[in-house]
Enquirer: 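Below: one structure in structure tokens.
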Protein chains: 2
Amino acid sequence: MNKRGFKDKVYGELSRVAKAMANPVRLEIIDLLAQGPFSVEQIANYTGQSVANASQHLQTLKNAKLVRITRDGNFIYYSLAGVNVFNAWVGLRELGFAYNAEVEKVMHDFRCGHRGDLNAVDAATLMEMMEKEEVVLLDVRTEDEYNRGHIHKALSTPIDKLGTYLKKLPKGKTLVAYCRGPFCVYADEAVAFLQEKGHKAIRLKEGYPDWAIKGLPIRHKES
Amino acid sequence: MNKRGFKDKVYGELSRVAKAMANPVRLEIIDLLAQGPFSVEQIANYTGQSVANASQHLQTLKNAKLVRITRDGNFIYYSLAGVNVFNAWVGLRELGFAYNAEVEKVMHDFRCGHRGDLNAVDAATLMEMMEKEEVVLLDVRTEDEYNRGHIHKALSTPIDKLGTYLKKLPKGKTLVAYCRGPFCVYADEAVAFLQEKGHKAIRLKEGYPDWAIKGLPIRHKES
DNA sequence: CATTAATTCAATTGATTTATTGAATAGTTA
DNA sequence: TAACTATTCAATAAATCAATTGAATTAATG
């Protein structure tokens with residue numbers, strides 16, 4: 001094989017991987033699967049797609065080796081093929097943040113409409129805050145996702161049941177809410193709700209997968 | 001805006017960035033521009049494309065904010081919009097290496113055909129070797145690229161003039177050749193040539209941009 | 001073995017993407 | 001200002017991609 005043929009093959013193969021990521025629905029699926037395995041129906045519901053369409057996108061991701069499947073009874077669960085998939089997704093995400101003003105703008109506008117406080121702490125800041133025991137950390141994802149893995153010392157307070165946990169939360173301390181990632185709005189909703197109830201609340205910029213991949217302290221239930 | 005509308009916009013914008021990367025020619029352009037600025041004609045020649053086609057791809061990259069331009073005389077020079085573009089490219093590249101057996105296979109087959117020794121040292125290993133002063137480091141890219149920036153202590157020995165440097169190279173020490181990146185074949189060609197001439201030679205797995213972005217020691221000519 | 005539920009396949013249509021060609025534009029130099 | 005050069009634009013046709021629909025698989029259960 002000559003030099004051009006070699007390059008055509010290498011860049012061609014890599015562009016197949018990039019093509020598999022180059023679709024809004026598939027990016028949302030990747031972002032979701034960073035939390036762990038989900039069935040086709042769960043993925044379809046979450047992304048607002050028909051089951052057939054979700055399945056089709058999942059086949060595309062599977063062919064590109066970005067996801068893998070495990071069976072459990074009647075269900076097929078999809079999850080990311082490995083940590084490199086998440087890394088590539090983060091690379092793309094940060095690229096979007098850095099140079100695409102439209103991404104920043106959309107996020108800013110959306111969150112402006114939901115709460116006054118646009119601040120968010122990043123992982124490093126939160127680590128410092130936690131060392132001083134100033135904060136209560138809230139995992140507002142589903143209980144299932146919490147059990148799969150959560151930030152050390154976080155309490156499970158799913159967004160749709162947040163009201164029932166209100167009494168147990170101390171008024172003095174800062175509440176920090178986190179969810180699936182920077183595009184997940186659960187933490188924003190939680191912060192809005194908590195601030196309305198008179199709490200001092202702020203969201204964590206990153207989500208659980210970002211925290212975990214940095215090697216920061218986590219815990220999970222034995223399965 | 002509702003939650004779905006927000007997500008559609010965010011993932012839609014990010015998929016536009018991914019789409020801009022999802023083409024073999026554009027990936028090769030990104031990989032090249034990691035070395036520094038190049039004109040449209042240089043890019044067209046390097047990628048084996050017509051000037052019009054190269055220009056069209058560059059417009060696509062520019063619209064996605066992945067590259068930016070600077071003028072100098074008659075020429076327009078394209079370069080990466082920032083360090084995040086390179087990071088995203090590396091994320092994709094590593095993803096290809098990790099899960100796409102086809103990429104590994106193509107590289108292995110190609111390099112098998114060119115030299116017996118498939119080994120390559122990585123950056124960390126090279127740093128150790130250099131501390132013991134066991135190696136002579138050769139930058140086999142163009143002299144121009146060397147001047148823009150090179151690994152500290154490397155000699156400029158462009159691949160097409162490598163023969164003229166032969167006498168000056170010590171027979172006892174290990175020669176380590178590096179070039180633009182893992183898909184650049186200059187270092188492979190250099191290693192094959194040097195081994196043929198009785199030298200102990202090996203390539204660096206990564207290219208100059210990978211070395212530089214890790215914060216490892218570099219030097220460059222004042223411009 | 002038949003039923004059921006979850007998932008995938010196949011065919012269609014409309015929308016994007018790509019390489020090619022040749023013409024147009026915008027800066028530079030004489 | 002005219003000629004030149006590097007780059008971009010516009011139009012085309014072939015190829016690829018996405019959402020929809022309904023039918024076909026596949027594996028577990030009665």
Side-chain angles (χ1 to χ4, degrees), chain A residues 4-5 7-9 11-30 32-33 37-79, chain B residues 4-5 7-9 11-30 32-33 37-79:
Chain A
R4 177 76 352 240
K7 293 200 166 187
D8 286 349
K9 280 219 171 184
Y11 291 111
E13 280 301 320
L14 288 175
S15 80
R16 287 188 53 221
V17 178
K19 276 199 177 72
M21 299 185 79
N23 175 280
V25 176
R26 291 197 292 269
L27 285 182
E28 190 173 0
I29 291 175
I30 290 170
L32 174 64
L33 296 190
F38 289 89
S39 72
V40 177
E41 197 181 0
Q42 289 174 315
I43 294 166
N45 288 339
Y46 182 74
T47 58
Q49 299 292 313
S50 69
V51 169
N53 205 18
S55 173
Q56 201 163 295
H57 283 301
L58 286 165
Q59 293 311 304
T60 304
L61 290 171
K62 201 173 71 169
N63 289 336
K65 308 280 169 59
L66 298 183
V67 303
R68 57 185 168 69
I69 63 174
T70 50
R71 303 198 82 108
D72 183 15
N74 255 346
F75 294 86
I76 291 178
Y77 288 95
Y78 282 84
S79 43
Chain B
R4 177 75 355 236
K7 293 200 165 186
D8 286 349
K9 281 219 169 185
Y11 292 110
E13 280 302 320
L14 288 176
S15 79
R16 288 189 52 222
V17 179
K19 276 198 176 72
M21 299 185 78
N23 175 281
V25 177
R26 291 198 291 271
L27 285 181
E28 189 174 1
I29 291 174
I30 291 170
L32 174 64
L33 296 190
F38 289 88
S39 72
V40 177
E41 198 181 358
Q42 289 174 314
I43 294 166
N45 288 338
Y46 182 74
T47 57
Q49 299 292 313
S50 70
V51 169
N53 205 20
S55 173
Q56 199 164 296
H57 282 300
L58 286 165
Q59 293 312 304
T60 304
L61 290 171
K62 199 172 73 169
N63 289 337
K65 309 279 168 59
L66 297 183
V67 303
R68 58 185 168 68
I69 63 174
T70 51
R71 302 198 82 109
D72 183 14
N74 252 347
F75 295 85
I76 292 178
Y77 288 95
Y78 281 85
S79 43

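Side chains are part of it too, since the values below use all heavy atoms of this structure and drop only hydrogens, waters and symmetry mates. In the text below, chain A, chain B and the rest are named by the order of the sequence lines, each starting its count at 1.
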Enquirer: For a quick test of reading the model: is some side-chain N or O of B:His57 closer than 4.0 Å to OP1 or OP2 of C:dA19?
Expert: yes
Enquirer: With a 3.5 Å cut-off and sequence neighbours excluded, list the donor-acceptor pairs that the side chains of residues 67-75 of chain B form with protein atoms.
Expert:
none

Enquirer: In chain order, what residues pass the side chain to side chain contact (heavy atoms under 4.5 Å, CB included) check against A:Ala52, with sequence neighbours excluded?
Expert: A:Ser50
Enquirer: Donor-acceptor pairs are to be reported for all side-chain atoms of residues 54-62 of chain A against protein atoms at under 3.5 Å, with residues two or more places apart or in another chain.
Expert:
| residue | atom | partner | partner atom | Å |
| --- | --- | --- | --- | --- |
| A:His57 | ND1 | A:Arg26 | NH1 | 3.0 |
| A:Gln59 | NE2 | A:Tyr78 | OH | 3.1 |
| A:Thr60 | OG1 | A:Gln56 | O | 3.1 |

Enquirer: Can you list, by residue number, the residues of residues 22-30 of chain A that have a non-hydrogen atom closer than 4.0 angstrom to DNA chain D?
Expert: A:Asn23, A:Arg26
Enquirer: Rounding to an integer number of Å, can you tell me how far B:Arg71 CZ sits from C:dA26 P?
Expert: 10 Å
Enquirer: Indicate for each nucleotide in nucleotides 3-14 of chain C, in 5' to 3' sequence, whether protein heavy atoms under 4.0 Å reach the base (B), only the sugar-phosphate (S), or nothing (-).
Expert: ---SSBBB----
Enquirer: Which heavy atom of A:Ser15 sits nearest to which heavy atom of B:Pro24, and what is that distance?
Expert: OG-CD, 3.3 Å
Enquirer: Starting from C1' on D:dT8, measure out to CD on B:Gln49 and report it in whole angstrom.
Expert: 16 Å
Enquirer: Find the distance B:Arg16:CZ to C:dT17:P and express it as a whole number of Å.
Expert: 10 Å
Enquirer: Measuring from atom CG of B:Leu33 to atom CD of B:Glu28, what distance do you get when rounded to the nearest 0.5 angstrom?
Expert: 10.5 Å
Enquirer: Roughly how many Å is it from CG in B:Leu61 to P in C:dT17, rounded to a whole number?
Expert: 13 Å
Enquirer: Can you name the side-chain hydrogen bond (donor to acceptor under 3.5 Å, both in side chains) partners of B:Asn53, sequence neighbours left out?
Expert: B:Gln49
Enquirer: Could you tell me which residues satisfy side-chain hydrogen bond (donor to acceptor under 3.5 Å, both in side chains) with B:Asn23, sequence neighbours excluded, listed by chain and number?
Expert: none
Enquirer: Which pairs, with at least one residue in residues 12-25 of chain B and sequence neighbours excluded, count as a salt bridge (Lys or Arg N to Asp or Glu O under 4.0 Å)?
Expert: B:Glu13-B:Arg16
